[in-house]
Amino acid sequence: MTLEATAAPVEPETASREEDLYTAKPWTLIWWRFRKHKLAVASLIFMIVLGIMAIFADFISPYTPFSFSKLNTFAPPSVVRVIHDGSLHRPFIYAVKRKRDPETARVLYEEDKTKVLPIEFFVKGQDYKFLGLVPTQMHLFGVSDRKQQINLLGTDSLGRDLFTRLLYGARVTLSAGLIGVAFSFVLGLALGSIAGYYGGWWDSGIQRLMEFIRSVPTIPLWMGLAAALPVAWDPLFVYVLITIILSLIGWTHLARVVRGRFLSLRTEDYVLASRLCGASEYRIVTKHMLPAMTSYIIAAMTLAVPEMILGETALSFLGLGLRPPVVSWGVLLQDAQNLRSISLAPWLLSPGIAVVLVVLAFNFLGDGLRDAADPYGH
Amino acid sequence: MLGFIVRRTLWAIPTLAFVSFISFVIIQLPPGDFVTAYVAQLRNGGEYVTEIEEAMMRAQYGLNDPLLVQYWRWISAIIFHGDFGRSLEWNAPVSDLIWDRLALTLIISTLSMVFTWIIAIPVGVYSATRQYSFFDYIFTIFGFLGKGIPDFLLALILMWVAFIWMNLDVGGLISPQFEGKPWDTAKIINMLSHIWIPLVVLATGGAAGLIRVMRANMLDELRKPYVETAYAQGFSERTVVWRYPVRVALNPFISTVGWALPALFSGDVITAVVLNLPTTGPLLLQALKMQDMYLAGSFILILSVFTVIGTLVSDILLAWSDPRIRYS
Amino acid sequence: MSDMTPVPDDVLLSVNGLKKYFPINHGWLQRQVGEVKAVDDVTFDIKKGETFGLVGESGSGKSTVARLILRAYTLTDGSIRFRRADDSITELGGLDEKQLRPIRSEMQMIFQDPYSSLDPRMRLLDLIGEPLVIQGKLTKDEIRDRVQELLGLVGLRPEYVMRYPHAFSGGQRQRIGIARALALNPSFIAADEAVSALDVSVAAQNINLLQDLQEKFGLTYMFITHDLGMVEHISDRIGVMYVGRMVELGDTAEIFRKPLHPYTEALLSAVPQPDPRRRKEGKRIILKGEIADPANPPSGCAFNPRCPYATDLCRTTIPALREISGRQVRCHHAEELDLTGVGE
Amino acid sequence: MTNTTTNLPPERLLELKDVNVQFELREGTVRAVNGVSYHVNRGEVLGIVGESGSGKSVTVRSIMRLLPKNTSRDDGSILFQPKPGEEIRIDGLSSKSKKIRDLRGDAIGMIFQEPMTALSPVHTIGTQIMRTILLHRNCSKKEARERAIELLRKVQLPRPEQLVDNYPHQLSGGMRQRAMIALALSCDPVLLIADEPTTALDVTTEAQILDLLRELQAETGMSIIFITHNFGVVADIADRVAVMYLGQVVETGTVDDIFYNPQHPYTRALLQSVPRLGQSPVHRLKTIPGMVPDPFNVPRGCTFNPRCEFAVQGTCNVEVPPLVRFSDDQQARCHLAGKLPQEVA
């Protein structure tokens, strides 16, 4: 082909601000759109902070999850203060005195307004292995008093620090959610793409299977499966099995999203155009279909995480999922199962608040991602 | 239409078979079996049971047969004789134990579904027609909270609130002092003071989701040309909204009735445990924990059957309400 | 297939007895309950360097013909013979995807919807360059140069290579599609309603561009459209389709001047023309009824329920495609009828 | 309600003066309708032609007061005179006002582009028509149903007694558009607004619908505002034509004036860029250079000047052109109107 003068009029130049928009990569456009969703951005930050706290739980928490203290049972949350005797002070807590109500024989805690315990950072405390590797005693914060403790969220019936246990529990609960989603992602992607790509008999079969699973009441099924796990098994193994059980039901939603996208993408003109250029199936799937699906899949996965977390929490709460000594939010909530303990120590509900916050954050995040997933919508 | 119902009903049969099989597999999953548990019980009671006796019992109950044969024995007893087997722990036929509780579960689930609809539809329509208004935001926040708070936590909190502020002990379905007494006004009032918590808990969870679905459906429908056509006929906004897009947006709603049932049953199980209600939940939990296989299996089976039937009914309702499906 | 006449020297593409039946599946088990005869026994040749127009209303199967020729679908029956660059004739009908790959560079398609036919996640460089990448003969830099050349060719700035399609208007996107189709120097391009989605003024620009490119590179076009004005302007020969069948085939000017099939006559008469005086003459043929359903066509000639000249013969017997004065017509009464065309 | 001291001549049915509509979008303000004036006389068909984004649909929606929620400006005068001497001021009415609701579906009927989606999918054709009749007319359900069947017969649908109980999805596109017309005519409107009613249809169906509209118009004497982007369709149905470009009417006149003696360069160029049937083939189509500018950056001066082959720098790109009047009510908004080189149309 020879190239001579152009056949059609050349279009005029445009401003450079628009040029940025015109040459922005798809993920940049998704990020720009996501950024406008304030609640989703806040949720993302919250989840990142929480994730870091969970990873470094052993360092951030002032104690270890199993260190109990008989003289500190059902202690209320310590109030962090900055004003002592009318003057500004570095952050501190007051020491508490343990008393017993003479009539009901209940243990009461009272702040000793004379004894100031300043919060210190990088203090030496109980032994632990940093990230399970490096033995150390360094904790992010604490109070240096042998008899007093700082319990930001109070303690439980054995005097264990709830804040510490909450952070350790975050590791288990969050990772169970993520691993569960990963499992259901594998299942959902595989079955969804088979259904969407091959269609016909495969599609009908997988669709019927999905309908079937959706028509089974989740919790009873989970409960049945979870109850089948022997009590004596290794807690870690049980944990993995529980996540698999959760994902057995959770994959249908992902499979539906994947199938739907596959079906609509397969009929897109640009996929046909690529095929007519001689593109192989592999190229069409990897270069055209998967990139177009990734953002949707990520959004769907994000929205599936809270389901998993709620499932784990519910099962453990009922005593069918994870069991002590494993610390998860569901396990922690077992302590708050009856009215008596809640009215005595309402702070035992704090793992529940953590669950709500995380579930909400994932929902907002997922909503934001879903809205931003298609930056080319008309 | 009739053909559709027949076909749809026929399709439910293999589903039911599959559901029952899964239920059976689940109750077979725990290591050991009915005889192991029974022998352990006898031994605990001080009786001496030899290995041979144990093996004989196993043979007697047919526990050495292949899984499918056992399954057939179990399911045929249920289908042909209504015999669900015996509960080990209660030492009574399963059917004696479950029907009252199932009925109550159904009542509570149905009531909360009705509540859910009464709340969710008008609110969803309002939110969609007044998008980004103050109340739309309020309802959105409510929707997210309802989605975020697990049922059991909400039940706990409500119970706690009722206890602290109203000094009510709302656990159970009736207060202990009315237990076993004949029904009179006082007992009914007492029951009403208890039943609102499970209803609120279940309806909140359901309504939160449905409000968002309804709102999204309505926003989709409101954009469609037939709405403009309706306005161009001179109808008032209220008439247009309630006669046209709401009517269309309700269709996917109807189709979710069937899926709402499993969700409600699931929610009911946990809520009932927390609130100590005499529904299926606590008994199922107990049965699972004690490996009371036939009791647990029957519960799972019957709850699943209910949901399969629920899905069937909602499919038929959907076809009936949407002419596009009816005639295709 | 062996008894088919050889492809004449001036013919680029020879389509014979082309059929495509789509199954109609129904119910929960997706059983096949019938079939849509989307394309039924279509035969035509396209000569080298000409523009062949394919016209018809919705459901006529014209787009399916294009997709069959480009082998986006498998054929139910028939043969498609294509003259390759080395002058050899290849039968495309039975080829599988792998065998088709080398031929795909010689035949390309321009799509109707300028929005859905370009992958929104690819820069123009990757979009227009994709065929070149697949062929794997050029280096990265060479591909970039070639893409810039192609952009210039269709009247877009070469700097646009880094842009994504969403930066462009419908008319510009259509040109990107044209550039992409040209990338591998094809000899044949099928344009499926290439300008019908565009505004009048932009459509005219793109039609002129297509004509210039045809002249410059000696391209052969198959131009599929429902716009009879456009097809008269651009094509040398046309085929008129009705419910899966070719009803008339021949020289554009002749068909427009004096159609031989009553459907062609009605179609020409139905086109609204920018000429208010024509209305006052009031000689338009308004067809009764609806276009036949390809899943359930009437017996005999598919056009008979709407045809003002239909006889009992038309209602029972499917007419054959016959040659009358150098044209092909599928009508029992083509010789007897005196039909009106358009023009002076 | 009605103004007895009328300003409109008795033959005038509708008059728009200097109507402006603006929308707020994320990208900025869109001046969708920018000082549009036109009128419709009794018993005439006004065709409005323009490319996409010319504001032709928005203008008629401002007559119906069916503007979207993000409308930020909506002014000008719209006067409607359903009967001689009975003048109604439409502009300024809220879209929910009783006054406009009484007009919609009664004195003013409207049909839309997409026959597939413009009817409610879950109600029968009959129900939809009957609801409109019952809303505006004092009659029983039975009478309304009879009238619905009568209307379906009037739009030449086969078997109206059966179709009245059919759902829209059971009908083909052309039949749905007929049902839509029956719905719009249910209360014998004096004005029918048709927004691209044939664009989504095949040519032969389009011809049927145009023929039907012409017949109905002749029979009832109603006026029609017919919006389209197709010059052929306008030539087929309109008595007078308004050509719109970027939110403005650039030229109005009788259908013959517009087609045989166009005064605005845009009208001329558009007419020349459409290939005509049966004309000795020209090799190249005449084109309008460039693209329709996006509505956020409307050019200064005459909005058409960057694409106009006659544009005079210093005038056309600076000053807003005046409305130049010719005989026969033909008007063109162009600095050069009347001074353009003569061409054989």
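Residue numbering restarts at 1 for every chain, and letters A, B, ... go by the order of the sequence lines.
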Closest non-hydrogen atom pair between [X] and [Y], with its separation:
| X | Y | value |
| --- | --- | --- |
| Asn230(D) | Pro272(C) | ND2-CG, 4.2 Å |
| Ser169(C) | Met291(D) | OG-SD, 3.1 Å |
| Arg306(C) | Gln208(D) | NH2-NE2, 3.9 Å |
| Pro274(C) | Phe259(D) | O-CD2, 3.4 Å |
| Pro275(D) | Gly229(C) | CB-O, 3.6 Å |
| Ala207(D) | Ile286(C) | O-CD1, 3.7 Å |

Just by distance, do the side chain of [X] and the backbone of [Y] share a donor-acceptor pair under 3.5 Å?
| X | Y | value |
| --- | --- | --- |
| Glu290(C) | Gly173(D) | no |
| Glu51(D) | Ser201(C) | yes |
| Gln273(C) | Arg276(D) | no |

Region of [X] that comes under 4.5 Å of a non-hydrogen atom in chain D:
| X | value |
| --- | --- |
| Leu228(C) | both |
| Ile291(C) | side chain |
| Ser58(C) | both |
| Glu57(C) | both |

Heavy-atom distances under 4.5 Å only: say whether [X] touches chain C with side chain, backbone, both or neither.
| X | value |
| --- | --- |
| Ile237(D) | backbone |
| Asp211(D) | side chain |
| Gln156(D) | neither |
| Ala238(D) | backbone |
| Ile288(D) | both |

- Item | Note, Met230(C) side chain near Leu285(D) side chain (heavy atom, < 4.5 Å) | yes

Distance from [X] atom [atom1] to [Y] atom [atom2], nearest 0.5 Å?
| X | Y | atom1 | atom2 | answer |
| --- | --- | --- | --- | --- |
| Leu277(D) | His233(C) | CG | NE2 | 12.5 Å |
| His226(C) | Leu201(D) | NE2 | CG | 10.5 Å |
| Ser273(D) | Ile207(C) | OG | CD1 | 11.5 Å |

- Under a 4.0 Å N-O cut-off, is there an ion pair linking Arg277(C) with Asp256(D)? no

